[in-house]
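In what follows, a single structure is set out as structure tokens and then discussed.
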Amino acid sequence: MVEFDVIELDSDQPFCLDKTLSCGQAPRWHQENGWWYGVVADSAFKVRQDGDKLHYDGVGSDFISRYFCLDFDLWKVYDRLKDDVYAKRAMQENYGLRILNQDAWECMVFQMTVNRIRTKSSTDRITRISSRLGKKLNIDGKEYFTFPKPADIVNAGLPALKSCNISYFADNIMIAANKVLENPLWENEVNNADYDAAVSILSGFKGIKHRVAEWILLFAFKRYEAFPVDAHIRKIFEENYLKGHYFGTDTDDKFDEAVKDAASRKFGDYRGYALEYLFNTYRSQ
DNA sequence: AACCAGGTCATGA
DNA sequence: TCATGACATGGT
């Protein structure tokens, strides 16, 4: 038996690798022989949980800790969720699910391609782009591909990008690649901006409006106050928290505001986490 | 074989 | 500013 590197998880801190990687927040993870295999930024690696131990191979412990946000105190979230009946149930069902700290560029492109189209298709798009334009990596004799950097995409050109069968998203992705190339500090700018300003920066990319901007902030910038009201969340609130609200006369925007308000009151600054838990519970029904 | 999918953008009134 | 259709593809 080969010995792999190990992280001893803090026994006070909930962490469930399976929940975290199977909830759909990040593309391109898959399970094989008890291991999760994935590519993050420039590295392919595998990881496996055995109780309080996290075995991994391919990257360093800092990388693992940062990606899975192992230092984040999840109890701050759970203390906030436990007083709400739906959120509490979602908390129990998804116990240990952590919001990842994804690579910002890949996350942005991924979220751009989620537009109204189910996540599986978006994942397939990211996979196709990677295998055509990304850099080849190897782990356990299997091939993996990085997600191409902005420069890789620009150098490959629009026809090559379009050949990945990513439909009309190709144009927006190319524009974003050029924009990021011109402003390599965009990530810092988002990180340093307050919430509304961060949303504005991201919304400045073609194909990203408020909603998608908030997804990106939640998954790649650790902004747990992000609360993107999408079709599913709208439905969850319709059927539970805002039951009886007749919103047929309201525009969607007004209803979305009502959803945001309710979420802020109930879950405070951890509403993004609440959203991920509620969504996952709803999705698995 | 139609129809739908975690949305955005460009139109038109 | 508000409602409506187009967008390109894969899965049911």
Side-chain angles (χ1 to χ4, degrees), chain A residues 20-30 86 90 94 97 99-100 102 106-133 158-177 179 199-221 223-224 226-242 247-260 262-263 271-285:
Chain A
T20 299
L21 291 180
S22 63
C23 72
Q25 61 177 318
R28 304 207 295 143
W29 279 100
H30 73 99
Y86 304 109
N94 301 290
L97 187 162
I99 293 181
L100 298 166
Q102 297 185 41
E106 175 174 349
C107 181
M108 175 161 75
V109 175
F110 177 52
Q111 294 302 333
M112 282 170 80
T113 69
V114 169
N115 282 3
R116 207 187 117 257
I117 300 176
R118 95 174 36 180
T119 310
K120 171 70 168 63
S121 300
S122 307
T123 300
D124 293 345
R125 289 193 190 91
I126 296 297
T127 302
R128 285 196 296 270
I129 295 172
S130 300
S131 54
R132 275 181 173 272
L133 306 181
L158 193 55
L161 189 56
K162 286 196 163 164
S163 74
C164 303
N165 293 344
I166 52 176
S167 76
Y168 58 93
F169 301 111
D171 294 306
N172 290 346
I173 292 170
M174 183 57 78
I175 292 169
K179 189 165 172 173
V199 169
S200 296
I201 294 173
L202 291 172
S203 303
F205 287 86
K206 193 158 182 289
I208 298 177
K209 280 201 0 183
H210 202 274
R211 196 166 323 181
V212 169
E214 293 203 77
W215 280 117
I216 299 166
L217 287 173
L218 186 58
F219 289 147
F221 289 94
R223 297 292 181 100
Y224 303 135
F227 202 84
V229 182
D230 62 30
H232 289 318
I233 289 301
R234 200 175 292 132
K235 191 140 189 256
I236 292 170
F237 273 66
E238 238 178 87
E239 292 173 356
N240 302 318
Y241 303 109
L242 300 177
F247 57 96
T249 55
D250 287 347
T251 64
D252 279 354
D253 282 350
K254 277 196 177 159
F255 185 69
D256 288 359
E257 283 310 310
V259 170
K260 276 175 181 291
R271 52 190 177 273
Y273 243 107
L275 178 150
E276 188 57 24
Y277 273 67
L278 288 169
F279 173 68
N280 212 38
T281 284
Y282 169 87
R283 200 179 63 139
S284 57
Q285 280 170 358

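Residue numbers begin at 1 in each chain, while the letters A, B, ... track the order of the sequences. Quantities reported herein were computed from a predicted structural model and do not represent experimental measurements.
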Item to check | From A:N280 atom CG to A:C23 atom SG, the distance as rounded to the nearest 0.5 Å | outcome: 5.0 Å
Item to check | Test side chain to side chain contact (heavy atoms under 4.5 Å, CB included) applied to A:A274 - qualifying residues, sequence neighbours left out | outcome: A:L81, A:F267
Item to check | d(CD1, A:I175; P, B:dT8) in whole Å | outcome: 16 Å
Could you go over nucleotides 11-13 of chain B and give all protein N or O partners under 3.5 Å, atom names and distances?
none

Next on the checklist: Test of understanding: with side chain to side chain contact (heavy atoms under 4.5 Å, CB included), list the residues that count as partners of A:K209, not counting sequence neighbours.
Outcome noted: none
Checklist entry - Could you state the CG-P distance from A:D256 to C:dC2, rounded to the nearest angstrom? => result 14 Å
Checklist entry - What dot-bracket string describes DNA chain C from 5' to 3', counting Watson-Crick and G-U wobble pairs whose defining distances are under 3.5 Å, with [ ] for crossing pairs and | for pairs to another strand? => result |||||||.||||
Checklist entry - Just how far, in rounded Å, is P of B:dC9 from CE of A:M112? => result 9 Å
Checklist outcome for this item: For A:I201, the side chain to side chain contact (heavy atoms under 4.5 Å, CB included) test, sequence neighbours excluded, returns A:E189, A:V190, A:A193
Item to check | Set of side-chain hydrogen bond (donor to acceptor under 3.5 Å, both in side chains) partners for A:H232, sequence neighbours left out | outcome: none
Checklist entry - For A:K254 and C:dT1, what is the distance between atoms NZ and P respectively, to the nearest whole Å? => result 13 Å
Item to check | side chain to side chain contact (heavy atoms under 4.5 Å, CB included) against A:A262, all qualifying residues, sequence neighbours excluded | outcome: A:F237, A:L242, A:R265
Distances under 3.5 Å between nitrogen or oxygen atoms of protein and nucleotides 7-12 of chain C:
from   : atom 1 : to     : atom 2 : distance (Å)
C:dG10 : OP1    : A:N165 : ND2    : 3.4

Checklist outcome for this item: Between CD1 of A:I173 and P of B:dG7 the distance, given in whole Å, is 17 Å
Item to check | Whole-Å distance separating the CG atom of A:N172 from the P atom of C:dA6 | outcome: 19 Å
Next on the checklist: Tell me the interatomic distance from A:L202, atom CG, to B:dG7, atom P, rounded to whole angstroms.
Outcome noted: 17 Å
Checklist entry - By side-chain hydrogen bond (donor to acceptor under 3.5 Å, both in side chains), which residues pair with A:S131, not counting sequence neighbours? => result none
Item to check | Residues forming a side-chain hydrogen bond (donor to acceptor under 3.5 Å, both in side chains) with A:E276, sequence neighbours excluded | outcome: none
Next on the checklist: Tell me every residue that passes salt bridge (Lys or Arg N to Asp or Glu O under 4.0 Å) with A:R211, counting only those two or more places apart in sequence or in another chain.
Outcome noted: A:D256
Item to check | Rounded distance (Å) that lies between atom P of B:dT8 and atom NZ of A:K206 | outcome: 13 Å
Report all side-chain donor-acceptor pairs from residues 123-130 of chain A shorter than 3.5 Å, counting only partners two or more places apart or in another chain.
from   : atom 1 : to     : atom 2 : distance (Å)
A:T123 : OG1    : A:T119 : O      : 3.1
A:D124 : OD1    : A:K120 : NZ     : 3.1
A:D124 : OD2    : A:K120 : NZ     : 3.0
A:R125 : NH1    : A:T113 : O      : 3.1
A:T127 : OG1    : A:T123 : O      : 2.9
A:R128 : NE     : A:C164 : O      : 2.7
A:R128 : NH2    : A:N165 : O      : 2.8
A:S130 : OG     : A:R28  : NH1    : 3.3
A:S130 : OG     : A:I126 : O      : 2.8

